[in-house]
**Student:** 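Below you will find the structure I want to go over with you.
By convention here, the first residue in the shown sequence is residue 1. Computed over heavy atoms, backbone and side chain alike; hydrogens, waters and symmetry mates excluded. Note that this is a predicted model, so its numbers are computed, not measured.
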Amino acid sequence: MAFIRRVRTASGATAVQIAEYAGGRQRIVRHVGSAHTEAELGILLEQAGQLLGDPDQGALEFDVTPTPLVADLVSPRRDDLVDVEPRSTAARRDGSGRVVGTDSRLLFDVLARVYASLGFDAVDDDVFRDLVISRIVEPTSLLDTGRVLTDLGRTPASYATMKRTLGRSMAGGYCNTIAAACFTHAMNAGDISLVLYDVTTLYFEAEKEDSLRKVGYSKERRVDPQVVVGLLVDRNGFPLEIGCFEGNKAETLTLVPIVRQFQQRHGLAEIVIVADAGMLSATNLRELDDAGLNFIVGSRVTKAPVDLESHFRWHGDAFVDGQVIDTITPRTGHARKDGASNPLVKAEPIWNADHHERSWRAVWAYSAKRAVRDNRTLTLQEQRARDVVSGDKAARTPRFVKTTNGARRLDEASLARARRLVGLKGYVTNIPATPMPAREVMTSYHALWNVEQSFRMSKTDLRARPMFHHTRDAIEAHLTIVFTALAVSREIQARTGLAIRNVIRQLRPLRSATIAINGTEQTFTPEIPEAEQAIL
């Protein structure tokens, strides 16, 4: 049986809760709020009674109009007068309370405190902070941001002031300040000896290109003008650096500028850069190596026949689940000499930077689970190719279909070659085996899912696509806001273990109420539930 429970808190307030007996012990079902005055206590008790009568009621709203009992306070005793009995006064009813408005200022205060704890208040721009928090709570256009901030208990700046803030963020170097604060936080929270890099594309619904928004290879398979965004994060996915490039810029050409910018900004010498196979280019790896930086990048499975030629000669196609082969790979093309392993020698070479000047270290791993998945994919691709060859399906030429003199046939040689390589995953690095064994190379590379998750958060939760911005400065200022919002979201996720959307879903309904009683207004703010205390 549920009942209303009143208990004294450590701060001296009176907490009103709905509780029930379970297993001989009291269990808190709902914390209604804490009262510091008799009027507040009367409102909370009335509210608890309504919740107790209707357990399916939704968000807690202060929409009652209580008339609490009040009485005149007794004046303090004066030592120079004779004590007399206080005059008896009958209790009377106060005027009815009226709810003036409600807002989610508790949510705003929580996000603002996390924002400040990361050192972002060094920007010293309240409008910029409000834009960041609004982006986290409810991503929308600049014109609609005022509505979100009002709901959060803020007095929003005008639309013109918000636009000027975007300009100030570029002129004032806000992105550099935020990036410096992110680096300091990452250093204090762990280490940045290993950083992860990836790129994505953000498209525009525009008919014409300009100097920044250009048509290029789109990850979303669109033909609209776009920009390429590069993101550098630590091993936990916390953002460290962001860069914006022309839409037709090749992904491989974005890595080195971002890394150099990060390296010069913080004066770093020894860090490990981890990137996927899309960054695997001879120029990238050479420039990173020349800069004294270590790297781990994914290798393409098509390089396996050259890298593992010795294995295929001496062991055939036989692999054991979990098998790891540490060998070398040519820096460019399929160079022989000292650039690739010698198939006449059974033992795999041990990479040494001084002895193998024309090669990098390569680590190949076999997974039976990956082999099953690859085989399933190849079977579907083979069936699609057979349907196209037989004419059962009209489609563009898929994989494993070869066209000769207008006639289509199944490319059985390519299919057999692909079947031979199922289950293999390769990694290329310039780190010797002594400081970093092969399995540690693999583990470091697999942390890339953190940067991919950060991009998903940016594109879905924060809606990073700059729909309403057209100039380079406005686009880069928008990305600075998204970058800052991503850092706050990642920090909250690290503290609570909850996705940012879940935290907002739990805190936003906890509304503060402004109630007018006898011509004076009082604001009642609910306490943060114990489950969300970790945020602070």
Side-chain angles (χ1 to χ4, degrees), residues 59 101-170 172 174-175 177-178 181-182 202 229 239 242 454 456-470 473-493 496 498-512 525 528 532 535-536:
T102 65
D103 54 59
S104 297
R105 66 182 62 189
L106 174 64
L107 174 59
F108 180 89
D109 291 342
V110 168
L111 295 177
R113 289 167 72 173
V114 176
Y115 177 95
S117 71
L118 292 173
F120 295 161
D121 49 359
V123 170
D124 194 20
D125 190 330
D126 289 345
V127 179
F128 177 81
R129 179 203 60 194
D130 290 355
L131 291 176
V132 171
I133 293 178
S134 173
R135 171 70 41 183
I136 297 172
V137 175
E138 185 180 338
T140 185
S141 67
L142 205 62
L143 197 60
D144 194 38
T145 298
R147 173 188 60 81
V148 179
L149 290 173
T150 300
D151 185 67
L152 293 174
R154 295 289 297 169
T155 301
S158 65
Y159 176 66
T161 301
M162 292 181 187
K163 290 183 66 176
R164 286 194 294 270
T165 301
L166 295 181
R168 283 200 307 273
S169 71
M170 295 304 299
Y174 287 8
C175 190
T177 304
I178 297 296
C182 287
L202 302 174
V229 179
I242 192 171
S454 292
R456 283 196 298 272
M457 290 174 62
S458 299
K459 299 180 78 168
T460 55
D461 294 341
L462 304 176
R463 298 184 188 175
R465 187 166 73 88
M467 297 174 57
F468 306 102
H469 303 284
H470 310 289
D473 284 352
I475 292 171
E476 292 187 352
H478 168 80
L479 292 177
T480 299
I481 291 174
V482 172
F483 177 74
T484 311
L486 176 62
V488 175
S489 301
R490 272 297 197 178
E491 175 63 11
I492 290 176
Q493 185 179 31
T496 65
L498 298 173
I500 184 64
R501 288 295 111 193
N502 292 336
V503 173
I504 293 173
R505 201 174 294 120
Q506 293 182 31
L507 291 184
R508 197 172 188 183
L510 300 179
R511 313 281 289 181
S512 299
T525 301
I528 301 177
E532 279 71 40
I535 300 176
L536 304 178

**Student:** For a quick test of reading the model, state the closest non-hydrogen atom pair linking Met170 to Ala477 and the distance between them.
**Tutor:**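 The answer is SD-N, 3.7 Å.
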
**Student:** Please check if the number of heavy atoms outside Lys163 that lie under 6.0 Å from its NZ is greater than 12.
**Tutor:**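 Counting other residues, nucleotides and ligands, NZ of Lys163 stays at 12 neighbours or fewer.
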
**Student:** So Arg154 and Arg105, do their side chains get closer than 4.5 Å, heavy atoms only?
**Tutor:**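 They are not in side-chain contact.
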
**Student:** For Thr496 and Gln506: C-alpha separation, side-chain torsions, deciding distance, then whether side-chain contact (heavy atoms from CB on, under 4.5 Å) applies.
**Tutor:** CA-CA 12 Å; Thr496 65; Gln506 293 182 31; over 6 Å; no

**Student:** How close do Val482 and Leu462 get, heavy atom to heavy atom, and via which atoms?
**Tutor:**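 Heavy atoms only, the tightest pair is O-CD1, 3.8 Å.
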
**Student:** I'd like to know if the side chain of Thr150 reaches the main chain of Gly146, judged simply by a donor and an acceptor atom lying under 3.5 Å from each other, with no hydrogens or angles considered.
**Tutor:**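 At least one qualifying donor-acceptor pair exists.
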
**Student:** Please round to the nearest 0.5 Å and tell me the distance separating atom CG of Leu479 and atom CG of Leu202.
**Tutor:**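 Leu479 atom CG to Leu202 atom CG measures 6.5 Å (nearest 0.5 Å).
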
**Student:** Give me the ring orientation class for Phe128 and Tyr174: parallel if the planes are under 30° apart, tilted from 30 to 60°, perpendicular past 60°.
**Tutor:**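 Because their plane-to-plane angle is over 60°, the rings of Phe128 and Tyr174 count as perpendicular.
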
**Student:** What distance do Ile481 atom CD1 and Leu166 atom CG have between them, rounded to the nearest 0.5 Å?
**Tutor:**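 Output value for this atom pair is 5.0 Å.
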
**Student:** Within a strict 4.5 Å, meaning less than it, do heavy atoms of the Leu111 and Ile492 side chains meet?
**Tutor:**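 The answer is yes, as the side chains (C-beta and beyond) meet within the 4.5 Å cut-off.
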
**Student:** Report the distance from atom OG of Ser141 to atom CZ of Arg147, rounding to the nearest 0.5 Å.
**Tutor:**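 Answer for the OG-CZ pair, Ser141 versus Arg147, is 9.0 Å.
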
**Student:** Are any non-hydrogen side-chain atoms of Asp130 and Pro156 less than 4.5 angstrom apart?
**Tutor:**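 No; the side chains remain at least 4.5 Å from each other.
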
**Student:** How many angstroms lie between atom CG of Leu131 and atom CG of Asp126, to the nearest 0.5 angstrom?
**Tutor:**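 The CG atom of Leu131 sits 11.0 Å away from the CG atom of Asp126.
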
**Student:** Taking atom CG of Asp121 as the centre, report whether more than 12 heavy atoms of other residues, nucleotides or ligands fall under 6.0 Å from it.
**Tutor:**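 Counting other residues, nucleotides and ligands, CG of Asp121 exceeds 12 neighbours.
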
**Student:** Are any non-hydrogen side-chain atoms of Arg508 and Asp151 less than 4.5 angstrom apart?
**Tutor:**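 Counting from C-beta outward, Arg508 and Asp151 do come under 4.5 Å.
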
**Student:** Work out which heavy atom in Thr480 is nearest to a heavy atom in Cys175; give both atom names and the distance.
**Tutor:**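 Nearest pair, atom of Thr480 first, then Cys175: OG1-CB, 3.6 Å.
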
**Student:** Sub-3.5 Å donor-acceptor pair from the side chain of Arg135 to the main-chain atoms of Arg463, do we have one?
**Tutor:**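 Such a contact is found between Arg135 side chain and Arg463 backbone.
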
**Student:** Can you confirm whether Ile504 sits close enough to Leu107 that some side-chain heavy atom of one is under 4.5 Å from a side-chain heavy atom of the other?
**Tutor:**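 Yes, at least one pair of side-chain atoms sits under 4.5 Å.
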
**Student:** Given side chains that start at C-beta, do those of Phe108 and Ile133 come closer than 4.5 Å, heavy atoms only?
**Tutor:**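 Answer yes - side chains close enough.
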
**Student:** Please determine whether side-chain contact (heavy atoms from CB on, under 4.5 Å) holds for the pair Glu491 and Tyr115, giving the CA-CA distance in whole Å, both sets of side-chain angles, and the decisive distance to 0.1 Å.
**Tutor:** CA-CA 9 Å; Glu491 175 63 11; Tyr115 177 95; over 6 Å; no

**Student:** From Gln493 CD over to Arg501 CZ, what is the distance, rounded to the nearest 0.5 angstrom?
**Tutor:**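 The distance works out to 12.0 Å.
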
**Student:** Give me the atom names and distance for the closest heavy-atom approach of Val114 to Ser117.
**Tutor:**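 Residues Val114 and Ser117, closest heavy atoms: O-OG, 2.7 Å.
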
**Student:** Can you tell me how far apart OG (Ser489) and CG (Asp461) are? Round to the nearest 0.5 Å.
**Tutor:**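 These two atoms lie 7.0 Å from each other.
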
**Student:** Do Val110 and Val503 have side-chain heavy atoms sitting under 4.5 Å apart?
**Tutor:**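 Val110 does not reach Val503 side chain to side chain.
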
**Student:** Indicate yes or no for a side-chain donor-acceptor contact from Arg490 to the backbone of Ala485 under 3.5 Å, with no hydrogens or angles considered.
**Tutor:**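 Judged by distance alone, no pair lies under 3.5 Å.
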
**Student:** Does a side-chain heavy-atom distance below 4.5 Å link Phe120 with Cys182?
**Tutor:**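 Yes; the side chains approach each other to less than 4.5 Å.
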
